[in-house]
Amino acid sequence: MKLYLSRDAAAKALGSEEVAEAILSEAATRGIEVSLTRTGSRGMTWLEPLLEVERDGVRHGYGPMTPEMVPALFDGALDGLGPVEEIPFFARQNRLTFARVGLIDPLSLAEYEAHGGLSGLRRALGMRAEHIIDEVKESGLRGRGGAGFPTGIKWDTVRLAPVERKYIVCNADEGDSGTFADRMLMEGDPLSLIEGMVIAGLGTGATQGYVYIRSEYPDAIAVMQEAIDIARANGVLGDVMGSGRRFDMEVRVGAGAYVCGEETSLLNSLEGKRGVVRAKPPLPALEGFLGRPTVVNNVLSLATIPVIFEKGAAHYAGFGLGRSKGTMPIQIAGNVARGGLFETAFGMPLGELVEDVAGGTATGRPVKAVQVGGPLGAYFAPAQFDTPFGYEEFDGAGGLIGHAGIVVFDDSADMLGLARFAMEFCAVESCGKCTPCRIGAVRGVETLDRVAQGDASAVPLLVDLCETMKDGSLCALGGFTPYPVLSALRLFPDEFAAQQEAAE
């Protein structure tokens, strides 16, 4: 029997380790030989722990599994989900970045290569640095960490910098609520991130890389470290595949400050300093880690690079909408029937994602609002559900994609309370570098409390405060906090007014 079971952190939290133990114990009792491969997650969290049994080369799913269900599995009496790749949630995806996640043993270099791994790196080794950059530019890849800046332009800036020592830094400080794609990628296909960073080094002239991971991701840290050791032992790192060109990398662990997701705060932390925002210019691409030119890219950006070099820039650019090229791993969370990771080409309407893919709310109540882009993202009401999932499209609707986490709320949600949470979150997480963020967020909490107590004069003050924070903050923490506050006020003014009427 060939079995596959996720060891992703979410699957472990839902009992996959106990299921694995029960499978091995039952097999031993019955004298049956089993091959149990531990994989990443397929991304269908509501089915975890998801066990896959291979029959005639096709993997059939069973889940959510419990240890008590294992005897029935061996008896052939357990109802299954059918072929995993035919489950509607999975079948309608465009899996490029996450093509191997959940499919292979994350720490098997042989399986990685068998599924296309390292072919992109081999192609890049035969290209000049400027041609590597051109390929990235032609793909249309933009930063997947939230800013959406063209990746090729950032790389080219570092390549052209007349400095010998340069760095590649992977931002794996995934701190947004409702986001987990970085963690899933590192736990499920860490070698793709390593390959992407090596290609980035070849294109820019950097010879050293760092993966900065938040301390709350112990499984991702352990898997990444082991994958780096495997890559180094097999010549992927060091003298890259015997080419004479060098690149090596290390894992560095952050203490969990949200603001260290901002690239300059991350660089300060990486240097052993306090994680506070640096004023820009100079940009990190010119003066970054240790004052040297540095590429700072998100996990998903770097892990997508091998796909581009394996299949070609034109293939990748063939997916998407307008200037939003390729695919986006969208993380669906909150009050939903089917939460998880859904990778699709840019362009799918938000309503289709929420109502069709995610199946609406878990409570069965109507959807009231969806927050897109983490705790600093704007709220979208059902009337805006025709907005296509794309950078410019969301910007035009007063929102932002960010790291592509969407959190769903039903009609019982307290929008004034959620607006207050955004300000309180900013007040707690602010690095304190600039006044609009440090003081503005505290005043925002106070002002929203006045609104809750029925003070109508506080609403214009709140709007003015938000505009000041947007225009005056040094980084996106203070600059984007007004998005959820103002969108809640704009879309649900009656809830803010209701507090005033109640007080009267």
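Computed over heavy atoms, backbone and side chain alike; hydrogens, waters and symmetry mates excluded.
- For residues 228-285, the pairs satisfying ring pair (Phe, Tyr, Trp, His ring centres under 6.0 Å) are Tyr258-Phe425, with sequence neighbours left out.
- With rounding to the nearest 0.5 Å, the separation of CD1 in Ile199 from OG1 in Thr204 is 11.5 Å.
- Between Cys434 and Val277 the shortest side-chain heavy-atom distance does not fall below 4.5 Å.
- At least one side-chain heavy atom of Arg159 sits less than 4.5 Å from a side-chain heavy atom of Glu130.
- With contacts defined as side-chain heavy-atom distances shorter than 4.5 Å, the pair Leu270/Val169 qualifies.
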Task: Stepwise side-chain hydrogen bond (donor to acceptor under 3.5 Å, both in side chains) test for Thr97 and Thr304 - done: CA-CA 5 Å; Thr97 307; Thr304 300; 2.8 Å; yes
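- Ring centers of Phe319 and Phe346: at least 6.0 Å apart, outside the cut-off.
- Judged by distance alone, with hydrogens and angles left aside, the side-chain atoms of Thr294 form no donor-acceptor pair with the main-chain N or O of Ala285 at under 3.5 Å.
- Judged purely by atom type and a 3.5 angstrom limit, Arg100 has no side-chain atom pairing as donor or acceptor with the backbone of Asp105.
- Side-chain atoms of Ser108 do not come within 3.5 Å of backbone N or O of Ile104 as any donor-acceptor pair.
- Between Phe394 and Phe380, the ring center distance clears the sub-6.0 Å criterion.
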- [ ] Carefully, step by step, assess Arg144 and Met328 under the rule side-chain contact (heavy atoms from CB on, under 4.5 Å).
- [x] CA-CA 8 Å; Arg144 296 293 188 252; Met328 188 68 177; 3.2 Å; yes
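- Classified by interplanar angle (parallel below 30°, tilted 30° to 60°, perpendicular above 60°), the ring pair Trp46/Phe89 is perpendicular.
- In this structure, CE on Met184 lies 6.5 Å from OG1 on Thr45, to the nearest 0.5 angstrom.
- Under the 3.5 Å distance criterion, the side-chain polar atoms of Gln331 are left unmatched by any main-chain donor or acceptor of Leu341.
- Under the 3.5 Å distance criterion, the side-chain polar atoms of Arg142 are matched with a main-chain donor or acceptor of Gly148.
- Here the CG-NZ distance, from Asn297 to Lys154, works out to 5.0 Å after rounding to the nearest 0.5 Å.
- Nearest heavy-atom pair across Met241 and Leu118 is CE-CD1, 4.4 Å.
- Ion pairing between a basic and an acidic side chain is recognised when a charged N comes within 4.0 Å of a carboxylate O; Lys280 and Glu263 show such pairing.
- Of the possible polar contacts, one joining the Ser487 side chain to the Pro484 backbone as a donor-acceptor pair under 3.5 Å is found.
- Figure legend: Lys325 and Tyr391 shown without cation-pi pairing, the cationic atom not lying both under 6.0 angstrom from the six-membered ring centre and within 45 degrees of its axis.
- Checked by atom type and distance alone, the side chain of Gln371 never pairs as donor or acceptor with a backbone atom of Val407 at under 3.5 Å.
- Arg165 and Thr207 form a side-chain donor-acceptor contact under 3.5 Å, judged by distance and modelled atom types alone.
- A heavy-atom distance below 4.5 Å is not found between the side chains of Arg7 and Glu187.
- Note on ring orientation: taking the six-membered ring where Trp is involved, the planes of Tyr167 and Tyr210 are tilted (angle from 30° to 60°).
- With respect to the salt-bridge test (charged N to carboxylate O, under 4.0 angstrom), the residues Glu343 and Arg92 do not qualify.
- Taken from CD1 in Ile228 to CD in Glu250, the straight-line distance is 8.0 Å, to the nearest 0.5 Å.
- The two residues Ala227 and Leu191 have their closest heavy-atom pair at O-CD2, 4.0 Å.
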Open item on the list: Between Glu262 and Thr264, does the side-chain hydrogen bond (donor to acceptor under 3.5 Å, both in side chains) criterion hold? Intermediate values first, please.
Closed with: CA-CA 6 Å; Glu262 192 278 332; Thr264 63; 2.6 Å; yes
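- By the 4.0 Å N-to-carboxylate-O rule, Arg123 lies close enough to Glu135 to be salt-bridged with it.
- A salt bridge links Asp156 with Lys137: the closest approach of a Lys/Arg side-chain nitrogen to an acidic carboxylate oxygen falls below 4.0 angstrom.
- Rounded to the nearest 0.5 Å, atoms CG (Leu96) and CD1 (Ile308) are 9.5 Å apart.
- When only modelled atom types and interatomic distance are considered, Glu174 and Tyr217 share a side-chain donor-acceptor pair under 3.5 Å.
- Atom-to-atom distance recorded for Glu310:CD and Leu121:CG is 12.0 Å, nearest 0.5 angstrom.
- Leu5 has its side chain within reach of Pro49: a pair of non-hydrogen atoms, C-beta onward, lies under 4.5 Å apart.
- When every heavy atom of Asp173 is checked against every heavy atom of Ala257, the shortest pair comes out as OD2-O, 3.2 Å.
- Between Phe309 and Met127 there is a side-chain heavy-atom pair separated by less than 4.5 Å.
- Looking at Asp219 and Lys12, a side-chain N of the basic residue comes within less than 4.0 Å of a carboxylate O on the acidic one, giving a salt bridge.
- A donor-acceptor pair under 3.5 Å is absent between the side-chain atoms of Glu287 and the main chain of Pro284, judged by distance alone.
- In plain terms, the two heavy atoms of Pro388 and Gly347 that are nearest each other are CB-O, 3.7 Å.
- When side chains are defined from C-beta on, Glu85 counts as touching Arg42, because their heavy atoms get closer than 4.5 Å.
- Around the CZ atom of Arg274, the shell of radius 6.0 Å holds no more than 12 heavy atoms that belong to other residues, nucleotides or ligands.
- The main-chain N or O of Gly244 is found under 3.5 Å from a side-chain atom of Asp239 such that the two form a donor-acceptor pair.
- Under the 3.5 Å distance criterion, with hydrogens and angles disregarded, a donor-acceptor pair is assigned to the side chains of Asn298 and Asp182.
- Side-chain atoms of Thr447 come within 3.5 Å of backbone N or O of Arg443 as a donor-acceptor pair.
- Looking at Met469 and Cys466, their side chains never come closer than 4.5 Å, going by heavy atoms from C-beta outward.
- Annotation: cation-pi geometry satisfied between Arg59 and Tyr4 (NZ/CZ under 6.0 angstrom from ring centroid, within 45° of ring axis).
- A donor-acceptor pair shorter than 3.5 Å can be found between the side chains of Ser41 and Glu48.
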